[in-house]
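One structure is given here, and the rest of the page talks about it.
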Number of protein chains: 2
Amino acid sequence: MRGSTPVGHSYPRSVETEVAVAQARVSTREVVLAAVGLFTEYGFERTTMDGIAAATGVSRRSLFRRFGSKEDILFAEHDELFATVVGYLDASPDDPLTAVRSAARMVFQGYVRDPEITLPRYRLVRAHPRLRDREVAMTARYQSAFSHYLTERAGSAFSLASGVVAASVIAAHNHVLRSWLRGSGEDEETVWVRFDEAMAYVSTAARPLLDPQGGPEPDRVLVAVYPSGAGNDEVLRRIGAALEPGGS
Amino acid sequence: MRGSTPVGHSYPRSVETEVAVAQARVSTREVVLAAVGLFTEYGFERTTMDGIAAATGVSRRSLFRRFGSKEDILFAEHDELFATVVGYLDASPDDPLTAVRSAARMVFQGYVRDPEITLPRYRLVRAHPRLRDREVAMTARYQSAFSHYLTERAGSAFSLASGVVAASVIAAHNHVLRSWLRGSGEDEETVWVRFDEAMAYVSTAARPLLDPQGGPEPDRVLVAVYPSGAGNDEVLRRIGAALEPGGS
DNA sequence: TTCTATCCTGGCACTGAATGCCAGTGTTGG
DNA sequence: CCAACACTGGCATTCAGTGCCAGGATAGAA
């Protein structure tokens with residue numbers, strides 16, 4: 001933070017003794033924290049880029065260069081996480097569904113690890129439709145990445161299934177995440193249990209979608225739809241008839 | 001469209017003879033069509049609100065008042081559709097999953113019915129990240145509405161399942177929609193068949209999530225997971241055993 | 001060390017989206 | 001005929017975002 005910034009506004013600045021030391025580049029995280037503070041105190045649109053510049057000591061011009069836009073400051077760290085997750089997926093040797101589960105876990109950890117940013121950001125996102133859209137767009141990017149990854153691994157015949165599975169995983173992730181963001185005081189261990197439960201739940205439902213006709217897979221899945229009036233004998237007869245052709 | 005607009009720019013205006021007839025309020029649809037035309041011809045950000053004002057005869061100020069922002073012009077009709085769909089859901093007496101399926105069908109029809117707007121809009125959305133985010137936010141609104149509706153009907157114990165099902169329905173919807181938007185020359189009947197197939201597919205997978213223990217529904221769903229080595233007899237035996245307790 | 005290429009930063013000017021304010025113009029209902 | 005109201009357009013202002021240019025730091029070559 002510099003001492004020579006022409007303020008002009010009334011944004012408070014962290015008081016610092018004027019030292020003649022060469023300033024290291026103000027880190028991304030410092031800027032994000034300062035911006036989050038201003039946003040929560042004055043509201044998002046009433047905080048100007050000049051204000052953030054004054055509060056951080058980074059010039060207005062440099063803020064735009066480094067972050068792109070005022071919104072992007074809020075989601076800067078999130079963007080880095082996204083790059084990490086995509087890199088992980090590309091390199092993962094695991095079974096596709098497992099890899100996606102792990103990727104979702106990484107994303108979740110990205111939130112839980114850094115409540116100092118994610119909690120106030122969540123409050124801001126809830127209050128401002130534009131920011132909400134931005135947040136939604138972020139999760140959509142994950143969903144798209146997951147979907148493409150699954151389609152690539154499972155084959156293009158499974159593109160619909162991949163899209164559905166990716167959407168389900170993201171939905172489960174967001175479900176647990178939102179409840180953590182809302183009840184901010186929750187035990188971290190409990191959250192992780194609930195996350196893993198949700199993931200187990202959704203991947204049980206998802207696995208059969210990604211390979212319905214068996215192969216080297218451990219399990220097969222049988223889905224039968226029948227009138228609720230049918231007795232068990234009738235159900236068994238129909239299933240037996242449907243099973244005949246194949247043998248084992 | 002007025003004849004007295006001080007142009008100043010070089011946007012083309014539909015040539016009209018100067019008639020002294022009182023102009024009716026320019027319809028939303030007319031404005032959207034004109035804006036879409038300008039966007040596709042000159043690009044989104046190089047089209048100014050002054051340009052749209054000149055092309056439509058509606059003043060810049062009134063455009064902002066009626067649409068809110070430049071982006072909102074592109075999605076104005078979509079917003080109306082959203083209101084319609086939500087209204088339908090609230091009033092629907094059907095089984096919840098069926099109602100959501102019908103709602104998704106309405107949304108799909110909203111696109112297919114009006115290719116004059118949705119097709120060029122899709123091209124714009126693909127090209128401009130900001131517009132893409134906006135589009136994504138729209139579908140997220142549907143997803144959220146579906147999810148809340150399902151949770152409300154199925155009980156809060158099913159909130160995770162509701163979120164997953166809503167996400168799956170939206171994913172299937174978007175899957176078919178995108179393929180229609182890309183291959184724009186497709187037969188309309190074929191599209192509808194594919195849409196209904198996708199919906200049947202996803203709701204088969206979704207139904208057990210929303211009601212695992214059966215109820216007064218017309219059909220029941222049986223899902224059996226078994227080792228691929230098991231013979232048909234063994235499968236039938238297990239299913240029979242699992243069916244016993246209930247009776248019919 | 002010195003020169004040079006390169007990168008990052010900050011200042012300046014400008015475009016254009018978005019909003020508040022006000023005045024004019026119907027339109028409706030008494 | 002007049003009042004209340006709704007809608008519209010013009011004007012001025014704020015502020016996000018961008019292009020341009022100049023200064024300072026660093027790294028590498030001479």
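A note on names: the letters A, B, ... follow the listed sequences, proteins ahead of strands, and every chain is numbered from 1.
Note on A:Arg25: a side-chain N or O is less than 4.0 Å away from OP1 or OP2 of C:dT9. Distances shorter than 4.0 Å separate none of the side-chain N or O atoms of A:Arg61 from OP1 or OP2 on C:dC12. OP1 or OP2 of C:dG16 has not a single side-chain nitrogen or oxygen of B:Thr48 nearer than 4.0 Å.
Not a single side-chain hydrogen bond (donor to acceptor under 3.5 Å, both in side chains) links B:Thr28 to another residue, sequence neighbours left out. Taking the salt bridge (Lys or Arg N to Asp or Glu O under 4.0 Å) definition, one finds that A:Asp90 meets it with nothing, sequence neighbours left out. By the salt bridge (Lys or Arg N to Asp or Glu O under 4.0 Å) test, B:Arg101 pairs with no residue at all, sequence neighbours left out. In this structure, A:Asp94 has no side-chain hydrogen bond (donor to acceptor under 3.5 Å, both in side chains) partners at least two apart in sequence or on a different chain. Under the salt bridge (Lys or Arg N to Asp or Glu O under 4.0 Å) criterion, A:Arg194 pairs with A:Glu186, sequence neighbours left out. Taking the side chain to side chain contact (heavy atoms under 4.5 Å, CB included) definition, one finds that B:Thr40 meets it with B:Val36, B:Pro120, B:Leu124, sequence neighbours left out. For B:Tyr122, the ring-ring contact (aromatic ring centres under 6.0 Å, His included) criterion is met by no residue, not counting sequence neighbours. Considering only residues two or more places apart in sequence or on other chains, B:Phe195 meets the ring-ring contact (aromatic ring centres under 6.0 Å, His included) condition with B:Phe108, B:Trp192.
Screening residues 103-121 of chain A for salt bridge (charged side-chain N to carboxylate O under 4.0 Å, His left out), with sequence neighbours left out, gives A:Arg29-A:Asp114, A:Arg29-A:Glu116, A:Arg105-A:Asp196.
Residues from residues 63-77 of chain B that place a heavy atom under 4.0 Å from any atom of DNA chain C, listed by number: B:Phe64, B:Gly68, B:Ser69, B:Lys70.
Rounding to whole angstrom units, CE of residue B:Met49 and P of D:dG9 are separated by 12 Å. Remark: P of D:dA16 and CD of B:Glu45 are 19 Å apart, rounded to the nearest angstrom. One interatomic measurement links the two molecules: CZ of A:Arg46 to P of C:dT19, which rounds to 15 Å at whole-angstrom precision. The CG atom of A:Leu38 sits 14 Å away from the P atom of D:dC15 (whole-angstrom rounding).
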Tabulate atom names and distances for all N/O pairs under 3.5 angstrom spanning the protein and nucleotides 25-27 of chain D.
none

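Closest approach of A:Phe75 to A:Arg134, counting heavy atoms only: CE1-CG, 3.4 Å.
Between C:dG11, C:dT19, D:dA16, one nucleotide has an atom nearer to the side chain of A:Ser59 than all others, and that is C:dG11. When distances run from any side-chain atom of B:Arg60 to the nucleotides C:dT19, D:dG9, D:dG17, the shortest one goes to C:dT19.
Summary for the helix from C:dT1-D:dA30 to C:dG30-D:dC1: the axes at its two ends, each from 5 pairs, differ by 10° when rounded to the nearest 10 degrees.
Using modelled atom types and a 3.5 Å distance limit, the side chains of A:Ser168 and B:Ser168 yield a donor-acceptor pair.
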